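The structure under discussion appears below in the form of structure tokens.
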Amino acid sequence: RTQIRLAGAHLTQYVPVDPDWWSLRQSPGHPLEMALLTKLGLPRLTNSVLAVLTALALYPALTAWHNERIAFLGVVLLLFSPLSLLALHYYSMDTFAGGIWPLIAGALLLRYAASEPSTLRQPILLSLAGFAAGWATVVRQTNVLLSGVFALFFLYTVWSKRPQPINNNRSHTLFLRSSWQHLVAFGGGVLVAVAILALYNNLAFGNPLA
């Protein structure tokens, strides 16, 4: 910062909060991800970890909708695309993370849409999808628009999984019960991400809504 000031420029990457207390101007999601690996001395591997998580989410989704060959090709295209190669070789702030978290959320939701109704894995998938959608916004605030699209797709999927209208109250009751469980699972995942952001804001600025 001092070098930039002496060169006649002004750096707004960090803003002063208190004496000897600074905050990054961008959203805190990606720095918090890096902080987990900083303890191991490997913060530059953050994008690599995100790439692995994306492959683990994308492969089952593509397999469910198409086949394993398409899934393999999709993961290879993702990992060896120019953007991925740049992100895994150089480090460009939150650019890669800002795009990869919505992809993870979308892949998990597609996997949920292709799964059989009332399976035990659905609440787990939805919790992870909700967290990924929420965390995508914490990483980059403009992703809130994509998160809204994911929420609408999730609600549509829940509605489309309803049983056919027949005179069977038990099927209707089971659908309502599972639907509420799915809503709570997805919403709970989103709330976890929002809670981490609120905690960070409270610690950094003394106000969870700052």
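Note that this is a predicted model, so its numbers are computed, not measured.
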Do [X] and [Y] make a side-chain contact, defined as non-hydrogen atoms from C-beta onward lying under 4.5 Å apart?
X: N47; Y: H30; answer: yes
X: R140; Y: T95; answer: yes
X: T2; Y: L6; answer: yes
X: N67; Y: I70; answer: yes
X: W135; Y: N143; answer: no
X: W101; Y: F131; answer: yes
X: L109; Y: F186; answer: yes
X: L32; Y: I196; answer: yes

Which atom of [X] lies closest to which atom of [Y], heavy atoms considered:
X: A55; Y: P60; value: O-CD, 4.3 Å
X: G74; Y: L58; value: O-CD2, 4.1 Å
X: A133; Y: F150; value: CB-CD1, 4.2 Å
X: A105; Y: A129; value: CB-O, 3.9 Å
X: P208; Y: N201; value: O-ND2, 3.2 Å
X: A57; Y: I104; value: CB-CG2, 4.2 Å

With hydrophobic residues grouped by side-chain heavy-atom distances under 4.5 Å, do [X] and [Y] end up in a single group?
X: V144; Y: V192; result: no
X: L53; Y: L37; result: yes
X: V149; Y: L125; result: no
X: L128; Y: V184; result: no

- Item | Non-neighbouring partners of A185 that pass side-chain contact (heavy atoms from CB on, under 4.5 Å), sequence neighbours left out | P123, L126, S127
- Query: With a cutoff of under 4.5 Å between side-chain heavy atoms, which Ile, Leu, Val, Met, Phe, Trp and Tyr residues group with L56?
  - Reply: V52
- Steps toward side-chain contact (heavy atoms from CB on, under 4.5 Å) verdict (L203, L199): CA-CA 6 Å; L203 293 174; L199 178 61; 4.2 Å; yes
- Item | Aromatic plane relationship, Y156 with F153 - under 30° parallel, 30 to 60° tilted, over 60° perpendicular | tilted
- Task: Applying side-chain contact (heavy atoms from CB on, under 4.5 Å), run through F96 and V139 and close with a yes or a no.
- Result: CA-CA 10 Å; F96 184 73; V139 171; over 6 Å; no
Return the [atom1] to [atom2] distance between [X] and [Y], rounded to the nearest 0.5 Å.
X: L36; Y: L45; atom1: CG; atom2: CG; result: 13.0 Å
X: L152; Y: S147; atom1: CG; atom2: OG; result: 11.0 Å
X: Q181; Y: Q122; atom1: CD; atom2: CD; result: 10.0 Å
X: S23; Y: Y200; atom1: OG; atom2: OH; result: 3.5 Å
X: I100; Y: T54; atom1: CD1; atom2: OG1; result: 3.5 Å

Tell me which donor-acceptor pairs under 3.5 Å the side chains of residues 75-84 have, and how far apart each pair is, sequence neighbours excluded?
| from | atom 1 | to | atom 2 | distance (Å) |
| --- | --- | --- | --- | --- |
| S81 | OG | L78 | O | 3.1 |
| S81 | OG | S84 | N | 3.4 |
| S81 | OG | S84 | OG | 3.1 |
| S84 | OG | L78 | O | 2.6 |

- Query: Passes side-chain contact (heavy atoms from CB on, under 4.5 Å), T137 versus L146? Steps please.
  - Reply: CA-CA 9 Å; T137 302; L146 288 176; over 6 Å; no
- Taking it one step at a time, do Y59 and E68 satisfy side-chain contact (heavy atoms from CB on, under 4.5 Å)? CA-CA 8 Å; Y59 187 89; E68 292 186 353; 3.5 Å; yes
- Message: Please tell me whether E33 and T46 have a donor and an acceptor in their side chains that are separated by less than 3.5 angstrom.
- Response: no
